[in-house]
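Because the structure is a prediction, the values reported are computed rather than measured. Hydrogens, waters and symmetry mates are skipped; everything else that's a heavy atom, side chains included, is used. Note that ligands are numbered from 1 as they come in the structure, with each ligand's atoms numbered from 1 the same way.
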Amino acid sequence: MDTKQIIGLFGFGVVGEGLYNVLQKSPATRAEIKKICIQDINKPRSIPGEMFCTDYSAIIDDPEINLVVELINDAGEAYKIVKAALLAGKSVVSGNKMMLATHMEEFIGLQQQTGASLLYDASACGSIPVVRNLEEYYDNDLLLSITGILNGSSNCILSGIFNGNETYEQALSKAQQMGFAETDPFLDVSGKDAVNKLVILATHGFGAIAKPEEVFVSGIEKLNEFDIRFAKEKGFKIKQIGQATKLNGNALNLLVMPKLVPPDDYLFNIEKEYNGVVIEGAFYEKQFMFGKGAGGYPTGSSVLSDITARMHGYRYEYKKRKYFNIPELTNEVQIKMYLRYSNLIDFSYFEFDAIDEKYYSKPYNYVVGSINLSKLLPVMKLLPALDVFIAFFGRPEVSRKTETRKAFKTGEFVNR
Ligand code: HSE
């Protein structure tokens, strides 16, 4: 099957324009953009004006258009477009992670109902083909965890600060100028953008659909020079990490948090707008994927790959939901955490089970200890108002190797 894709494109921002140019440079691709729906028809554009329209129906009602590519910022408007397109029987390629994470279950239902297909590899980790790999290569129950740097802008900021050449503000402004940051960069630095991506990865990796607002998230906004000194003295870097971990029984934990990353971690050397994903499984232990996570061309290339996949009739089957037991989401997981604080009232919100290290000074103190994520969850909403920064080291050191071997020996298949 090789069906020419006649595309109706929504949005001509960084990624939309990136896709347009990528398509021009890929002449063998049997796909052509017929119309581009935009908000502001008067804005000067780099391509002929007759391509543009402002009315959704010019695309949705055009019978020749067989593929809608949705690349707009507004998740609410994107939802309306994608739903209308699927209901009109048109397949869709989208990069809108917030919309996808919020409406994942409904979109899976709409694809089944209409027979139209929705592809979105560009929505998580830009140019890294992680969604299709989780869906196809990892279509078994050996997957144990997915851990990644999922947001290019926060990684740019952390790189700029750690390499000592930029302040937080300078690095953020650079990420904005380069077109990496969201329109509201709070989504990048707060970890919320990474949560949306993690929800998408967990759907294809494990079959569980989490509600973004139920995933524990803390951001890098409160990071200061004290935290950086702490990390540097220990030989660590701080990276914003999203992690989905299979636990004992059929349970799954998702979290997004700054992490103190040691030099032997694959994610240690991921700098600037690059993303990296470490996939851990029984038998193969670790695999690693790396690539640009933000920017018009890298994301446009990923959209192009979904367009060519549609040329060949590709669709997601959501295999983990179809053929395996869907894991229960849980926050009953112990993590080792660094907490920097200034006053005891702020400290009192954190119920550590054990403290390994304490340090008092003026104006900053810190503790490193073990805490259960379920006890941290109620503090999540208070975090913006507290004068604290938290980062985790990972789950208490357990060797997956030993655990996996032990579990298979005893016939207990599911790992911690
Ligand atoms: N703002 C996002 C990032 C864009 O920085 O990763 C790509 O999803």
Side-chain ion pair, Asp353 and Lys375, N-O less than 4.0 Å
yes
In Å, rounded to the nearest 0.5 Å, how long is the span from NE2 of His312 to CG of Asp2?
5.5 Å
I'd like to know if the side chain of Ser94 pairs up with that of Asn96 as donor and acceptor (distance under 3.5 Å, no hydrogens or angles considered).
no
Side-chain donor-acceptor contact under 3.5 Å, Asn151 with Asp193
yes
Indicate whether the side chain of Gln287 and that of Tyr138 have a donor and an acceptor atom separated by less than 3.5 Å.
yes
Between ligand 1 and the protein, tabulate every N or O atom pair separated by less than 3.5 Å, reporting distance only.
| unit_1 | atom_1 | unit_2 | atom_2 | d |
| --- | --- | --- | --- | --- |
| ligand 1 | 1 (N) | Phe180 | O | 2.7 |
| ligand 1 | 1 (N) | Glu182 | OE2 | 2.6 |
| ligand 1 | 1 (N) | Asp188 | OD1 | 2.7 |
| ligand 1 | 5 (O) | Gly152 | N | 3.4 |
| ligand 1 | 5 (O) | Ser153 | N | 2.9 |
| ligand 1 | 5 (O) | Ser153 | OG | 2.7 |
| ligand 1 | 5 (O) | Phe180 | O | 3.1 |
| ligand 1 | 5 (O) | Asp188 | OD1 | 3.4 |
| ligand 1 | 6 (O) | Gly152 | N | 2.8 |
| ligand 1 | 6 (O) | Lys197 | NZ | 3.1 |
| ligand 1 | 8 (O) | Lys97 | NZ | 2.7 |
| ligand 1 | 8 (O) | Lys197 | NZ | 2.9 |

Could you go through residues 198-212 and list every donor-acceptor pair under 3.5 Å that involves a side-chain atom there, pairing it with any protein atom two or more places apart or in another chain?
| unit_1 | atom_1 | unit_2 | atom_2 | d |
| --- | --- | --- | --- | --- |
| Thr203 | OG1 | Val199 | O | 2.8 |
| His204 | ND1 | Glu135 | OE1 | 2.8 |
| His204 | NE2 | Tyr120 | OH | 2.7 |

